[in-house]
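Let me begin by presenting the structure, written as structure tokens, before commenting on it.
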Amino acid sequence: MSLHVISANRLTDGVAVWLNQAGDWVERVDGAAVFDRDTLEAGRALAAEGERRQEVVSVAEAPAQVDGDRPVPTTRRESIRSRGPSVRADLGKQAGETGWPPAPPVTEAPRPQHRATAGIYNYDEQDRAFLKDRAEVFRRQVERRIAGELTEEEFRSFRLMNGLYLQLHGYMLRVAVPYGVLSSDQMRQLAYVARVYDRGYGHFTTRQNIQFNWPRLVDTPDILEVLADADIHAIQTSGNCIRNVTTDQFAGAAADEVVDPRIFAEILRQWSTDHPEFTFLPRKFKIAITGSPNDRAAVRLHDIGVLAKRNAAGEIGFEIHVGGGLGRTPIVATRVADWVAVPDFLRYMEAVLRVYNALGRRDNLYKARIKILVRETKPERFREMVEEEFAAMDAEGYRLEPEVVEAIAARFVDPDFETLPAVSDAFERAKAADPAFAAWVRTNTNPHKQPGYISAVISLKPVGGIPGDATDAQMDLVADLADRHSFGEIRVAHEQNLVLPHVRQDALYALWQALQGTGLETANIGLVSDIIACPGMDYCALATARSIPVAQRIAERFADLDRQHDIGRLTLNISGCINACGHHHIGNIGILGLDRGGVEAYQITLGGAADEQAAVGQILGPSVSYEDVVDAIETIVNVHVARREAGETFIDTYRRIGITPFKEALYGSAK
């Protein structure tokens with residue numbers, strides 16, 4: 001006999017609930033009614049009444065069986081909903097029979113001093129008033145939704161425009177970190193939100209944002225107001241608009257940088273925010289910009305990728321790539337312009353968006369991205385259409401004046417660097433005396449343009465941890481270390497790590513010591529355990545498989561850092577569904593979680609890259625089971641170790657020998 005339970009999310013706080021026989025919604029699946037074929041229609045009517053009374057949203061049916069007198073959902077998704085994340089025993093209903101542990105009392109939020117901070121675009125009072133107004137408008141929208149004046153369908157666009165999603169266990173708030181730059185005060189404000197309004201942590205994402213996975217709907221206006229106090233917002237972190245502009249996590253600090261892209265990323269942010277033409281595009285739209293010839297921002301995998309550079313005369317210009325992206329149809333972008341001068345920058349960007357907005361598919365969700373438009377119109381014709389639109393626009397009206405660029409640049413206060421020798425004797429002595437420190441330096445630092453300084457990467461990938469997660473205490477610690485060692489400046493990397501961009505070489509050992517025992521000390525940047533992973537089915541309503549436990553198991557298998565260093569540089573990315581939030585297509589090794597008849601399976605790709613040699617990985621062969629995926633990854637890595645030549649990284653080996661040896665090792669023959 002076919003049996004079902006009916007679940008939903010409670011409107012006010014998003015908590016997963018189940019329908020009981022009386023038509024009430026209970027927090028534990030133990031109390032749920034089990035509906036058979038004869039009673040299911042009556043259950044549906046009760047659920048619809050709950051939606052009408054504004055009690056619940058997102059009603060769903062799931063198959064179940066009965067164990068004694070206890071309903072047991074039989075799908076993995078509903079099983080996870082009934083317990084909470086499989087990777088967090090301290091969260092969800094497994095945290096206690098009475099439900100959630102009590103949240104800390106709401107204490108007064110920190111009041112940022114709005115210091116002129118290095119690396120941060122400093123807001124003025126007009127900027128701050130705008131954010132406060134947006135928070136207040138959303139407060140009224142939430143009140144109307146709870147009062148029943150707005151249906152869920154009417155409210156959905158409002159909450160998405162403010163970064164609020166409805167996920168598996170509840171609401172999720174995505175907060176923007178424009179081009180990945182934070183001040184220490186802003187990080188403390190994020191820690192406060194995690195501590196008071198969430199469950200004590202936040203999740204840093206591949207778009208250099210942060211997500212809070214447990215906010216209540218009724219609290220979100222307060223959260224947005226608290227964030228606005230620190231010049232933080234959630235505007236355009238969702239919806240079919242231009243999302244957070246991303247850039248190189250070492251922007252403004254890297255020794256190989258020829259143009260500081262933060263200034264132009266900020267110009268793009270201001271231009272795109274609430275743009276009247278581009279708020280309701282055919283699909284979400286993502287832009288990345290870098291100012292280094294070594295691409296650390298994956299610009300060729302974005303809807304628009306911008307490479308800022310200088311010509312022989314030292315003038316700044318932009319190389320533009322359009323039509324990149326991952327998801328269901330992964331494509332490397334097409335170069336559409338070799339040189340766009342600064343005065344023409346916004347006009348050219350707007351010309352691209354106009355062509356897309358006019359011709360992008362709105363009748364088919366799977367063909368709505370600009371990458372499909374470029375492919376179907378053919379790159380050369382698309383380039384011609386952009387040039388035609390660009391030529392027809394008012395050049396003077398769209399001119400990006402030098403005074404505007406200078407005014408934006410002036411809002412970024414340069415760090416007060418000291419004059420130091422290029423090499424610190426204390427730094428060299430510390431490396432020689434402490435091999436563990438030397439190993440951390442080898443992986444977790446990047447050369448700085450200023451003599452005597454270095455950029456330090458703080459790994460959010462401890463063995464057994466959740467990639468990208470940071471607790472409120474860790475965020476507070478990073479803020480303190482930024483004040484002490486990095487002019488109060490922090491960066492978020494799209495690889496889901498944090499960066500202190502401006503550390504004196506002779507202070508690096510003290511910084512490293514301060515990280516010990518905090519979960520932030522792992523020396524694995526760029527190694528096999530530095531895994532990019534989306535939240536997967538443990539949190540996401542769209543996922544078809546779990547990502548996080550696979551990442552944890554792989555990291556545990558390769559926990560030996562000496563072994564990781566011997567394997568060498570290797571990017572490993574995991575996504576829990578075809579939407580590819582974990583960027584699996586562009587990992588040297590990519591893993592895609594799939595649902596095969598109700599069972600998790602994992603498809604492996606090899607050869608992906610996100611750098612200046614951007615490439616989409618090739619499917620290795622049939623998917624492997626959850627139980628076998630870690631062994632499969634070890635087999636693949638062992639082929640590299642056995643077949644590599646001196647100095648080769650994994651991607652070097654793969655490009656030289658091709659996919660066949662990896663197939664033969666994993667499947668027994670080149671399938």
* Asked: Can you list the steps and then say if R310 with E315 is a salt bridge (charged side-chain N to carboxylate O under 4.0 Å, His left out)?
  -> CA-CA 5 Å; R310 294 182 186 272; E315 298 167 323; over 6 Å; no

* Asked: Taking NZ, NE, NH1 and NH2 as the nitrogens, is one of them in R354 or E388 under 4.0 Å from a carboxylate oxygen of the other?
  -> no

* Asked: Does the ring of F390 carry R347 above it, NZ/CZ under 6.0 angstrom from centre and within 45° of its axis?
  -> yes

* Centres of the Y453 and F417 rings: under 6.0 Å? -> yes

* Flag the pair R411 and D124 as a salt bridge only when some basic side-chain nitrogen lies within less than 4.0 angstrom of an acidic carboxylate oxygen. => yes

* To do: Please answer whether the main-chain N or O of G327 pairs with a side-chain N or O of N579 as donor and acceptor at a distance below 3.5 Å.
  => no

* To do: Check R335 against R383 and note the closest heavy-atom contact, atom names and distance.
  => O-NH2, 2.8 Å

* Structure fact -> The reported gap from CG in L373 to CZ in R381 (rounded to nearest 0.5 angstrom) is 11.0 Å

* May I ask you to check whether F264 and F318 place their ring centers less than 6.0 Å from one another? => yes

* To do: Check the pair I223 / L173 against side-chain contact (heavy atoms from CB on, under 4.5 Å), numbers first and verdict last.
  => CA-CA 9 Å; I223 296 172; L173 181 65; 3.6 Å; yes

* Asked: If you round to the nearest 0.5 Å, how far is CZ of R145 from CG of L150?
  -> 7.5 Å

* Got a salt bridge between K378 and E380, using NZ or NE/NH1/NH2 to carboxylate O under 4.0 Å? -> no

* Is any NZ, NE, NH1 or NH2 atom of the basic residue among R188 and D483 found under 4.0 Å from an Asp or Glu carboxylate oxygen of the other? -> yes

* Flag the pair R140 and E143 as a salt bridge only when some basic side-chain nitrogen lies within less than 4.0 angstrom of an acidic carboxylate oxygen. => no

* **Identified side chain to side chain contact (heavy atoms under 4.5 Å, CB included) counterpart of R504 within the set H448, E418, H485, Q450** => E418

* Asked: Yes or no on side-chain contact (heavy atoms from CB on, under 4.5 Å) for I370 and F382, after CA distance, side-chain angles and deciding distance?
  -> CA-CA 10 Å; I370 194 172; F382 179 85; 3.9 Å; yes

* Pairwise distance CD1(I651) to CG(D611) - rounded to 0.5 angstrom -> 8.0 Å

* Asked: Which pair of non-hydrogen atoms, one from C534 and one from G582, has the smallest distance, and what is that distance?
  -> CB-N, 3.8 Å

* **side chain to side chain contact (heavy atoms under 4.5 Å, CB included) partner of V340, chosen from D338, D344, V336, V342** => D344

* Under 3.5 Å, side chain of Q236 to main-chain N/O of I242, donor-acceptor pair present? -> yes

* **Test: R262 cationic atom under 6.0 Å from Y179 six-membered ring centre, within 45° of axis** => no

* Of all the heavy-atom pairs spanning V177 and N209, show the shortest one and how long it is. => N-OD1, 3.1 Å

* Aromatic centroids of Y171 and F212 separated by under 6.0 Å -> no

* Pairing of R491 and E489 as salt bridge, 4.0 angstrom limit -> yes

* May I ask you to say whether R134 pairs ionically with D274, meaning some side-chain N is under 4.0 Å from a carboxylate O? => yes

* Under-4.0 Å salt bridge between E225 and R139 -> yes

* Measuring from N294:CG to D256:CG, what's the distance to the nearest 0.5 Å? -> 4.5 Å

* Asked: Are R128 and E125 ion-paired here, with the side-chain N under 4.0 Å from a carboxylate O?
  -> yes

* Examine Y123 together with H114 and report whether their ring centres are nearer than 6.0 Å. => no

* To do: Tell me, with the steps shown, if I304 and H321 meet side-chain contact (heavy atoms from CB on, under 4.5 Å).
  => CA-CA 6 Å; I304 298 180; H321 295 244; over 6 Å; no

* Pair D303 + K286, salt bridge at N-O below 4.0 Å -> no

* Structure fact -> All heavy atoms of N357 vs all of F280, minimum pair found to be OD1-O, 4.0 Å

* To do: Measure the spacing between CH2 of W271 and CD of E266 and express it to the nearest 0.5 Å.
  => 13.5 Å

